[in-house]
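Within every chain, numbering begins at 1; the chains are lettered A, B, ... in the order of the sequence lines, protein sequences first and strands thereafter. None of these values were measured; they are calculated from a predicted model.
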Amino acid sequence: MRLATWNVNSIRSRADRVVAWLQRSDVDVVALQETKCRDEQFPEDRFRELGYEVAHVGHSQWNGVALLSRVGLSDVQVGFPGMPSWAAKEGLDPAPEARALGATCGGVRVWSLYVPNGRQLGDPHYDYKLAWLEALRVAAGGWLIDDAEAQVALVGDWNIAPQDDDVWDMSVFADSTHVTPAEREAFRAVVEAGYADVVRPHTPGPGVYTYWDYTQLRFPRREGMRIDFVLGSPALARRVSGARIDREERKGKGASDHAPVIVELA
DNA sequence: ATGGTTGAAGGTCAA
């Protein structure tokens, strides 16, 4: 089984490219992030035509996560238990954001995750990011306490560069999010809860990234960040026979700023 | 020039 994750940065502007990518990549399951549309706007027919079942959650032009699967798609769950909401204003009902979608695909519990960006240090969104990650650790850790042999994949855009090697130049990130000790600790806590980065052993660095900013000629200059991850439970990690980052897909006109990440399961 | 690009409910915000 071939499993992928990809922050597409708008599914409507990228649909042709995603279709073409699916046709040449032969993936069974793909988790998408930043679909940037409401459910009724999601071009699901494009993917059903290719044999994929589709689940999506999106409330607005922001966020939005989806799962496409041609090996079954059942028990769809919007958000994980305890997922924090973004409270736009104190006293108002907090708005649940479209950042997590779970489903069972080919026997694997797959979660498409779009971790909050955090914006700037000191911004309320930074605290929200840390709280969101801690809640994810509690929920996902609990799944393995319930069943140590569960096959779980936590995949998506984590908006964290866990190691210095995961950005092209640490000096550029002084006073920036994505690399702070607190964010790295939050990521490490998920790993310690039993979820391993199953891609890195197959794509060693340095200089290996999944995201390149559109500005500053970051991609041709090879100035990127490794922020998209497939974290696997022990039972899932044992099945991983290979992984790659599809850097080719970042090339050319109309590319997302993120590359797809693909894992091969035996 | 404190910039650069992209996408969306765009005439601004988020990434």
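Atom NZ in Lys129(A) sits roughly 16 Å away from atom P in dA14(B) (whole-Å rounding). Atom-to-atom, CD of Glu97(A) to P of dA14(B) comes out at 11 Å; the value is rounded to the nearest Å. In this structure, the NE2 atom of His258(A) is 12 Å from the C1' atom of dT6(B), given to the nearest Å. One interatomic measurement links the two molecules: CZ of Phe42(A) to P of dA8(B), which rounds to 13 Å at whole-angstrom precision. Going from atom CG of Leu217(A) over to atom P of dG3(B) covers 17 Å, rounded to whole Å. Here dA14(B) presents its C1' atom at 14 Å from OH of Tyr128(A), a figure rounded to the nearest Å. Here the P atom of nucleotide dA15(B) and the CG atom of Asp157(A) are 10 Å apart, to the nearest Å.
Taking atom P in both dA14(B) and dA9(B), the straight-line distance is 15 Å, to the nearest Å. With both ends at atom C1', the span from dA15(B) to dG10(B) equals 15 Å, rounded to whole Å. Taking atom P in both dA1(B) and dG11(B), one finds a spacing of 28 Å when rounded to whole Å. Taking the P atoms as reference points, dG7(B) lies 24 Å from dT2(B), given to the whole Å.
Other residues, nucleotides and ligands contribute at most 12 non-hydrogen atoms within 6.0 Å of the CG atom of Asp175(A). The environment of CZ in Arg222(A) is sparse: at most 12 heavy-atom neighbours from other residues, nucleotides or ligands sit within 6.0 Å.
Taking the side chain of Asn117(A) as heavy atoms from C-beta on, and the options dA15(B), dG4(B), dA8(B), the nearest nucleotide is dA15(B). When distances run from any side-chain atom of Arg14(A) to the nucleotides dT6(B), dA15(B), dA8(B), the shortest one goes to dT6(B). Residue Thr215(A) places its side chain closer to dG4(B) than to any other of dA9(B), dG7(B), dG4(B). When distances are taken from the side chain of Glu34(A) to each of dA9(B), dC13(B), dA15(B), the shortest belongs to dA15(B).
Nucleic acid contact class of Gln41(A) (heavy atoms, under 4.0 Å, all strands): sugar-phosphate only. Among the protein residues, Arg218(A) comes within range of no part of the nucleic acid, since none of its heavy atoms lies under 4.0 Å from any strand. Residue Ser60(A) is in base contact, counting any heavy-atom pair closer than 4.0 Å across all strands shown. Nucleic acid contact for Tyr211(A): none, since no nucleic acid atom lies under 4.0 Å from a heavy atom of the residue.
Map Gly254(A) and Gln216(A) each onto its nearest nucleotide of DNA chain B; the residue landing nearer the 5' end is Gln216(A). Of the two residues near DNA chain B, Ile11(A) and Pro116(A), the one whose nearest nucleotide lies more 5' is Ile11(A).
Classification of the Phe47(A)-Phe42(A) ring pair by plane angle, with boundaries at 30° and 60°, yields tilted.
A salt bridge is defined here as a Lys NZ or Arg NE, NH1 or NH2 lying under 4.0 Å from an Asp or Glu carboxylate O, and Arg250(A) with Asp257(A) fails to meet this definition.
Each of Phe219(A), Trp212(A), Phe173(A) was scored for a ring pair (Phe, Tyr, Trp, His ring centres under 6.0 Å) with Trp168(A), with one residue passing: Phe173(A).
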